[in-house]
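Owing to the predicted nature of the structure, the values given are computational and were not obtained by experimental measurement. Numbers restart at 1 for each chain; the letters A, B, ... are given by sequence-line order, proteins then strands. Reckoned from all heavy atoms, side chains included, excluding hydrogens, waters and symmetry mates.
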2 protein chains.
Amino acid sequence: MEINVKIPKTRNGKATFKLIVDTAVELFYVQGYHNTSIGNITTNAGIAAGTFYLYFPNKLTLYKYILMEFQHDIRKRIAEKVSLVEGRFEKEKEGIKTFINYAIENPHSYNIIWESLYIDKQLFSDYYQGFAKRYERGLEQSIKDGEMCEVDTELVSWILMGVSNFVGLKVLLKLGTDKGSADQVVDQVMNIIKTGIFK
Amino acid sequence: MEINVKIPKTRNGKATFKLIVDTAVELFYVQGYHNTSIGNITTNAGIAAGTFYLYFPNKLTLYKYILMEFQHDIRKRIAEKVSLVEGRFEKEKEGIKTFINYAIENPHSYNIIWESLYIDKQLFSDYYQGFAKRYERGLEQSIKDGEMCEVDTELVSWILMGVSNFVGLKVLLKLGTDKGSADQVVDQVMNIIKTGIFK
DNA sequence: CTAAGATATGAATAACCTTTCATGTTGTGA
DNA sequence: TCACAACATGAAAGGTTATTCATATCTTAG
């Protein structure tokens, strides 16, 4: 995806650029993309309306820039964490745990990624398809290693995304009475995935 | 939730009301809530701008009305289907199957329900909390009946919602190469939920 | 037939939003 | 110090949108 962002060249420029991005992230989170105007962003950032256009041609481009930052960030973090443990089950567990923890620590990113479905369906579709593809590779390896049953890896990857997204959502919305930390929630989740829920 | 809708009294009025609702459902689905203006709706419906305000005070109220219609519809349909089968496992299976089939047959409703997160967070939260509560009751019964392991029913209900929502999403986005009908996908999903995925 | 309530119209208003641009300021390499 | 590129400003133009309201038409009970 090509993004038409003007990268600033001086320290001052970089600071203003970051100010715009940070302000937008906060506003998108609090009031949503569509309810946030460029005037909103510049006013909250304490800069003039025209300054925005020094760096971004429009709001959508700013949004895409932010989305890509988060995507890169979350994937990098999951890859790092997963590489530190051995065994497919442990890797899956670490991946889900990292995702949920990331969602809790960065509710902004979680919110902004989901919102893409209502900004540009293609962005959303690309994002989850990309995520699924990564999952599939790992799952196929697990099956080869004899650690996992013969399952439809594509379907299972969507199931696992659904599980982690909704458990993250539950924690995020602060719904219900959570017994303990995210790590404990993830342990429970993994037990369920491992053994199933029916007798 | 109180909704400030003026219910029409004559046959003509009812027809116009329905026309507004149907047009809005279609437009919200195709171009999203935020990209749909009231002018859009009235033009597409072939009525005057002012006519809209005979029945709805604003766009948000119309949206809430539509959302409640869909919620009622989907819950009713799941309850009906679930009541026709015996055994907790079969009931869960039927519930998930009905949900996914509903999503496929009514992509409009699926889309509109998710969008609530970006229109009014409370609406979204209420919706899924309500859904979760229903699930929990069923799950508790299953545990009593000895059909299900001792699990955190609240957590499991969110897991099941995540699974069905994302599998529905996958099918909806027409991602990947789906082998067979929704029913077959659901059979696979239920097998996974039943026995877990790890050896 | 007629009065009244229900329904429908669309021009007008006011608010808000994006984007441009002429002008001004700042920082820095030579 | 000076010249120049980078950065910043905010008023103004031009567009879109929500909402109101004076007016008109339809429907039906009596």
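The CD1-P distance, from A/I47 to C/dT19, rounds to 15 Å in whole Å. Atom pair B/K18:NZ and C/dT7:P shows a separation of 17 Å (rounding to whole Å applied). Separating the CD1 atom of B/I20 from the C1' atom of C/dT7 is a distance of 11 Å, rounded to the nearest angstrom. Look at CD1 on B/I38: it is 12 Å from C1' on D/dT20, rounded to the nearest Å. In this structure, A/H34 places its NE2 atom 18 Å from P of D/dT16, rounding to the nearest Å. One atom, CD1 of B/I41, and another, C1' of D/dA18, lie 12 Å apart when rounded to the nearest Å. A/K9 has its NZ atom 14 Å from the P atom of D/dA8, to the nearest Å.
Here A/N12 does not reach the OP1 or OP2 of D/dA8: none of its side-chain N or O atoms lies under 4.0 Å away.
With C/dC17, C/dT19, D/dA18 as the candidates, the nucleotide lying closest to the side chain of A/Y53 is C/dT19. Which of D/dC7, D/dT9, C/dT7 sits closest to the side chain of A/P8 comes down to D/dC7. Residue A/A48 has its side chain nearest to D/dT9 when only D/dT17, D/dT9, C/dT18 are considered.
Toward the 5′ end of DNA chain C lies the nearest nucleotide of B/T10, the other residue of the pair B/T10 and B/G50 mapping further downstream. DNA chain D is contacted by both B/A49 and B/R11; B/A49 maps to the nucleotide lying nearer its 5′ end (nearest heavy atom per residue).
When all heavy atoms of B/I113 and B/S116 are compared, the closest pair comes out as O-OG, 2.6 Å. Looking at every heavy atom in both residues, A/E92 comes nearest to A/Y135 through OE1-CE2, 3.0 Å.
A donor-acceptor contact under 3.5 angstrom links the side chains of B/D183 and B/N101, judged on distance only. For the residue pair B/N165/B/Y128, the side-chain donor-acceptor check at 3.5 Å is satisfied.
Contact check on B/E105 versus B/R77 returns a salt bridge, with a Lys/Arg side-chain nitrogen under 4.0 Å from an Asp/Glu carboxylate oxygen.
Applying a 4.0 Å cut-off to non-hydrogen atoms, the residues of residues 54-62 of chain B that approach DNA chain D are B/P57, B/N58, listed by residue number.
Stacking of A/K6 on the aromatic ring of A/F56 is not recorded, the 6.0 Å distance cut-off and the 45° axial limit not both being met.
Residue B/T51 is in base contact, counting any heavy-atom pair closer than 4.0 Å across all strands shown.
Hydrophobic clustering of Ile, Leu, Val, Met, Phe, Trp and Tyr side chains at less than 4.5 Å, counting indirect connections, unites A/I119 with A/W114.
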